[in-house]
There are 2 protein chains.
Amino acid sequence: MRSVMVQIPNTPTSADVARLAGVSRATVSYVLNNTSAVRISEATRRRVHEAARELGYVPHAAARSLRAGHSRMVLMPAPAIPVGPLYSRFLSELQGALGRLDYTVVQYGSVGLEGDEAARAWAELRPVAVLVPGAGLGPQGVAVLKRSGARAVVTLGPGRVEGAHALLMDHDTVGHCAGAHLYDRGCRRIGVVMPEESGLEVYARPRLAGVREALRGTDAAVMELPLAYTEEAAAELAARWPESGLDGVFAYNDEYAMLLMRALQDEGVRIPEDVAVIGADDLMLGRLLRPRLSTVHIELPSGRDLAALVDRAVRDPGGEPEVHTVLGASVIRRESS
Amino acid sequence: MRSVMVQIPNTPTSADVARLAGVSRATVSYVLNNTSAVRISEATRRRVHEAARELGYVPHAAARSLRAGHSRMVLMPAPAIPVGPLYSRFLSELQGALGRLDYTVVQYGSVGLEGDEAARAWAELRPVAVLVPGAGLGPQGVAVLKRSGARAVVTLGPGRVEGAHALLMDHDTVGHCAGAHLYDRGCRRIGVVMPEESGLEVYARPRLAGVREALRGTDAAVMELPLAYTEEAAAELAARWPESGLDGVFAYNDEYAMLLMRALQDEGVRIPEDVAVIGADDLMLGRLLRPRLSTVHIELPSGRDLAALVDRAVRDPGGEPEVHTVLGASVIRRESS
DNA sequence: TTGAAAGCGGTACCAC
DNA sequence: GTGGTACCGCTTTCAA
């Protein structure tokens with residue numbers, strides 16, 4: 001004896017609530033928003049709440065923000081590639097922190113949209129703030145967003161963009177750490193793994209540059225090692241290893257390091273005696289390898305700090321763009337180097 | 001000589017465009033939306049486009065959908081825990097497919113919101129469809145969403161919910177595969193790793209149940225092995241291994257399998273001679289372990305199929321909820337079992 | 001071919 | 001204390 005009501009009822013509006021409670025729409029608004037500037041009798045309050053509950057009334061965010069002239073929506077593009085536990089934690093923390101500040105975090109599925117074109121799509125939602133990881137957003141994009149009401153645009157990536165706040169996450173540092181470490185360990189012919197998977201160049205290039213920089217002016221040579229994330233590619237690379245004469249390698253990250261280490265070991269190359277290996281990201285799996293993997297530990301900014309920056313920027317949109325360097329990198333030496 | 005204009009201009013509206021182009025707002029709307037029901041002279045078209053470009057006009061999505069009475073927004077909760085490459089791929093594919101069907105995919109940061117409470121928050125955005133992975137959404141939540149205009153609610157998880165379409169991803173199957181395989185390999189005392197990390201019970205419990213089911217009525221015994229994702233916890237578990245008498249273990253997934261294998265090997269337990277190990281998810285790392293890790297390969301539904309389901313449901317909201325079983329599982333035997 | 005105007009749902013000012 | 005009402009930006013009928 002359920003679902004006697006087959007007809008899907010229209011979405012209830014505040015007018016419906018008002019009618020059912022026998023009051024005006026204004027009163028409904030006052031009650032449901034606890035407007036302090038106006039006093040409503042307890043009896044009326046109850047009637048309104050009761051009516052809203054009965055109808056299952058849910059306010060219409062679009063109507064509200066249209067009227068208010070602004071929203072509390074913080075928009076980020078949804079990551080297109082798998083993100084590791086590090087970044088994932090950071091995201092959760094950020095969402096939690098922004099949520100506590102009463103912002104709504106929304107990740108926009110921007111598959112197939114590029115840079116400033118994406119910015120237009122985001123701008124249609126009139127977010128109060130936009131957080132953009134990676135490069136790809138240009139000054140034009142920032143301008144579009146600001147003109148459409150975004151009070152804060154924050155980039156998280158390698159460089160700063162005119163008009164936007166920046167959390168500089170310069171992966172040069174990561175490569176620099178790795179390069180310096182390998183050099184200290186006595187390596188003079190150093191390979192740097194460059195993943196062939198698309199979407200990773202953003203991190204791979206700066207890391208390579210960092211290694212180069214760390215070794216500039218020394219007697220060490222740097223060699224790029226393009227590598228697809230497959231056993232075959234790794235085996236092929238390992239087969240050519242002896243003739244390469246490499247005595248050290250920065251494997252881009254721990255996962256590529258594991259792939260490469262396995263291939264090298266299968267080939268009879270000894271780690272670290274024949275070649276020192278270091279990864280990055282300090283993933284659990286590095287500790288589980290034998291020899292244990294040396295790695296560059298990366299410290300992302302705290303989600304709470306970024307949330308605070310966003311809030312500050314929203315409250316004072318006129319302020320100078322803040323620029324913070326937030327990517328900490330430090331070598332964790334284990335057994336592979 | 002840049003930024004002479006310091007004053008932040010107000011967000012341009014279609015009225016501004018109309019004024020600049022010397023036409024009415026209606027005409028602006030016609031032109032920018034390519035309304036076919038009405039013919040606008042080429043000259044006017046150009047003037048409007050020109051004006052829009054010059055002002056950097058971006059339409060206001062909220063106003064538009066308020067007027068239209070519906071949006072093209074497909075909402076999903078943003079994952080709170082790190083997602084693996086499998087699910088990540090699935091998400092990208094889904095976003096791409098929905099994007100091609102002209103939907104906008106938005107992931108709502110629902111950190112700290114529970115089930116039907118979250119549903120209310122989502123409903124405020126008046127999405128045309130809602131996709132909810134996992135359990136946690138009850139019939140009430142579905143009702144709230146539908147009443148607020150969602151034309152399709154799809155759950156992706158272990159069970160179905162009254163009123164919602166369901167993509168049944170029953171992880172029992174995964175455990176069942178693993179259990180049956182271990183039994184076939186001769187195991188009779190079988191351990192099942194239960195991750196202690198929160199958020200994973202949703203998958204762990206059904207997988208355990210699947211193992212139990214596969215072994216029901218046989219002479220094999222099943223034992224739960226709570227395990228935190230740390231080396232210490234794994235070492236402790238491995239230390240107690242001999243007395244446990246286990247000869248087979250389903251390690252929840254490949255990552256926990258790697259953790260456990262390492263601890264067991266460090267303890268001198270031989271794999272697969274002393275104990276057979278199988279993981280799940282068919283991650284690359286399983287192929288890199290020695291012995292190579294047997295695993296349960298999991299087949300998620302195609303993003304395109306789900307996108308099609310959503311589109312169908314949106315076009316025909318009255319239709320019976322579709323229920324599909326979409327989780328394929330098959331054992332990939334390698335060397336660890 | 002173009003314009004005037006109503007109205008989507010909510011908020012907040014001003015009367016009563 | 002409560003109600004009437006103008007208005008946020010956009011679409012779409014109806015008239016001209």
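Letters A, B, ... are given to chains in the order of the sequence lines, protein chains preceding strands, and every chain is numbered from 1.
- Listed by chain and residue number, nothing satisfies the side-chain hydrogen bond (donor to acceptor under 3.5 Å, both in side chains) test with B:Asp102 (two or more places apart in sequence, or in another chain).
- Pairs engaging residues 22-49 of chain B under the salt bridge (charged side-chain N to carboxylate O under 4.0 Å, His left out) rule: none recorded [sequence neighbours left out].
- Remark: the A:Glu117 side chain and the A:Gln140 side chain contain no N/O donor-acceptor pair separated by less than 3.5 Å.
- Summarising the geometry, the separation between CG on B:Leu55 and P on D:dC10 is reported as 12 Å, rounded to the nearest angstrom.
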Name the atoms and distances for all side-chain donor-acceptor pairs under 3.5 Å in residues 308-317 of chain B, with sequence neighbours left out.
from     : atom 1 : to       : atom 2 : distance (Å)
B:Asp311 : OD1    : B:Tyr103 : OH     : 2.5
B:Asp311 : OD1    : B:Arg315 : NH1    : 3.2
B:Asp311 : OD2    : B:Arg315 : NH1    : 2.8
B:Arg312 : NH1    : B:Glu322 : OE1    : 2.7
B:Arg312 : NH1    : B:Glu322 : OE2    : 2.6
B:Asp316 : OD1    : B:Gly318 : N      : 3.4
B:Asp316 : OD1    : B:Gly319 : N      : 3.3

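- An angle of 50°, rounded to 10°, separates the two end axes of the helix from C:dT1-D:dA16 to C:dC16-D:dG1, each defined over five pairs.
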Readout for nucleotides 8-16 of chain C: B = base within 4.0 Å of protein heavy atom, S = sugar-phosphate only, - = neither; 5' to 3' it is BBBBBB---
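- Using a 4.5 Å heavy-atom threshold, the side chains of A:Val153 and A:Leu137 count as touching.
- Between A:Thr44 and D:dT2 there is a side-chain polar atom (N or O) within less than 4.0 angstrom of OP1 or OP2.
- With sequence neighbours excluded, no residue satisfies side-chain hydrogen bond (donor to acceptor under 3.5 Å, both in side chains) with A:Arg304.
- The 12-atom threshold is exceeded at CZ of A:Arg72, counting heavy atoms of other residues, nucleotides or ligands nearer than 6.0 Å.
- Taking 4.0 Å as the cut-off between side-chain N and carboxylate O, A:Glu50 and A:Arg53 count as a salt-bridged pair.
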